[in-house]
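Below is one structure, written out as structure tokens; the observations come after it.
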Amino acid sequence: MDLSSVSFVDPLAWGKLAEIVLLNIVLSGDNAVVIALACRALAPAQRTKGIALGAGVAVVLRVLFTVLIASLLNTPFLRIVGAGLLIWIAVKLIVEDEGQDEDSIAASSKLWKAVQTVAIADIVMSLDNVLAIAAVAKDSIPLLIAGLVISIPLIVLGASLITNLLTRFPILVWAGAALLGWVAGEMFESDPWLIARFGEELLHKLEYPAAVLGALLVLGLGYFIKSRRPDPAL
């Protein structure tokens, strides 16, 4: 399918569009969690804006990665570095003190800090998502962009619902961070350098243990750092 042959009157094009939208919804579950975790400490007036910006950043980055950077997925050590970044983001989201210096930080600064966190996390997590979406869109950039743009309100809705849950049940912050650790573990063991060194069969067996270890590492580091921090109420 080349660009000149794309026609949204064609039922096949609509079928591909629906497939891209559905696929992006499935793949954006972790993005919604990151957006919700990053925006949970924002003031209510800023939270909606932060979620919308975060979702927009997630979709734009997904387009850029799918169109330009899919070839980097086979680069050795890239997934290992990405897993480390994701662990760092997850731990940071746990230990971040919502009340610390709240009055000294402008609302706009906190908003852009949240969007920056979303951007970094999405860059890392998009590494695994882009190939699936690109496989459906083939070389049709209009289909790709249309499908991802349509997905923006769906990601916003998901992030809004998760943010409300995080506000009501703070313990879910730990669950969300553990999910990011799980994704990091899966990403780590799928690095091409490790596959070449230890073999795909062995690493496939280690997929779930690596994911569990990633989740436990995030929870352990988060608990350790928080327990050593002075209580701001004292």
Side-chain angles (χ1 to χ4, degrees), residues 23-44 46-66 69 78-79 81-98 109-130 132-133 148-149 151-188 190 211 214-219 221-222 225-226:
L23 184 59
N24 194 53
I25 292 171
V26 173
L27 295 177
S28 296
D30 48 6
N31 297 85
V33 171
V34 171
I35 294 169
L37 287 171
C39 296
R40 74 187 191 282
L42 295 175
Q46 294 286 319
R47 192 174 297 158
T48 301
K49 186 184 298 184
I51 289 173
L53 285 172
V57 166
V59 172
V60 169
L61 289 174
R62 189 71 51 81
V63 172
L64 292 177
F65 267 81
T66 307
I69 315 181
L78 182 62
R79 292 172 187 256
V81 173
L85 282 172
L86 208 53
I87 292 287
W88 172 73
I89 290 171
V91 173
K92 182 172 177 288
L93 289 170
I94 287 179
V95 303
E96 203 168 51
D97 186 2
E98 298 178 16
S109 299
K110 292 201 295 182
L111 172 63
W112 288 110
K113 181 180 177 183
V115 174
Q116 182 183 38
T117 299
V118 172
I120 295 173
D122 195 73
I123 287 172
V124 175
M125 291 186 297
S126 291
L127 292 176
D128 281 333
N129 296 354
V130 292
I133 297 176
L148 295 179
V149 168
S151 303
I152 291 178
L154 300 173
I155 299 175
V156 170
L157 178 60
S160 298
L161 293 174
I162 295 172
T163 304
N164 291 334
L165 288 174
L166 292 176
T167 304
R168 295 183 59 186
F169 308 104
I171 189 63
L172 293 180
V173 171
W174 291 79
L179 173 62
L180 298 184
W182 180 283
V183 174
E186 290 181 330
M187 181 178 296
F188 180 89
S190 64
L216 292 177
L217 180 61
V218 166
L219 295 177
L221 286 174
I225 295 174
K226 280 186 73 73

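Closest non-hydrogen pair, Gly176 versus Val33, comes out as CA-CG1, 3.8 Å. Here the closest heavy-atom approach between residue Leu42 and residue Ala114 is recorded as CD1-CB, 4.3 Å. Of all the heavy atoms in Ala178 and Ala215, the pair that sits closest is O-CB, 3.4 Å. A pairwise comparison of heavy atoms in Gly158 and Ala32 identifies C-CB, 4.1 Å as the closest pair. When all heavy atoms of Ala83 and Ala184 are compared, the pair lying nearest together is CB-O, 3.3 Å.
In this structure, CD1 in Ile120 is found 11.0 Å from CG in Leu86, a value given to the nearest 0.5 Å. Rounding to the nearest 0.5 Å places CD of Gln46 at 10.0 Å from SG of Cys39.
For Thr117, the side-chain contact (heavy atoms from CB on, under 4.5 Å) criterion is met by Ala38, Ile89, Lys92, Leu93, not counting sequence neighbours. Annotation: side-chain contact (heavy atoms from CB on, under 4.5 Å) contacts of Leu165 (sequence neighbours excluded): Phe169, Leu172. Leu217 meets the side-chain contact (heavy atoms from CB on, under 4.5 Å) test with Ile87, Leu221; sequence neighbours excluded.
Looking at heavy atoms from C-beta onward, Ile51 lies in side-chain contact with Thr163 at the 4.5 angstrom threshold.
Among the candidates Thr48, Val118, Leu111, Ile35, the single residue satisfying the side-chain contact (heavy atoms from CB on, under 4.5 Å) test with Leu53 is Leu111.
A side-chain N or O of Trp182 and one of Glu186 form a donor-acceptor pair less than 3.5 Å apart.
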### Query
Stepwise, does the side-chain contact (heavy atoms from CB on, under 4.5 Å) test hold for Val218 with Leu180?
CA-CA 8 Å; Val218 166; Leu180 298 184; 5.9 Å; no

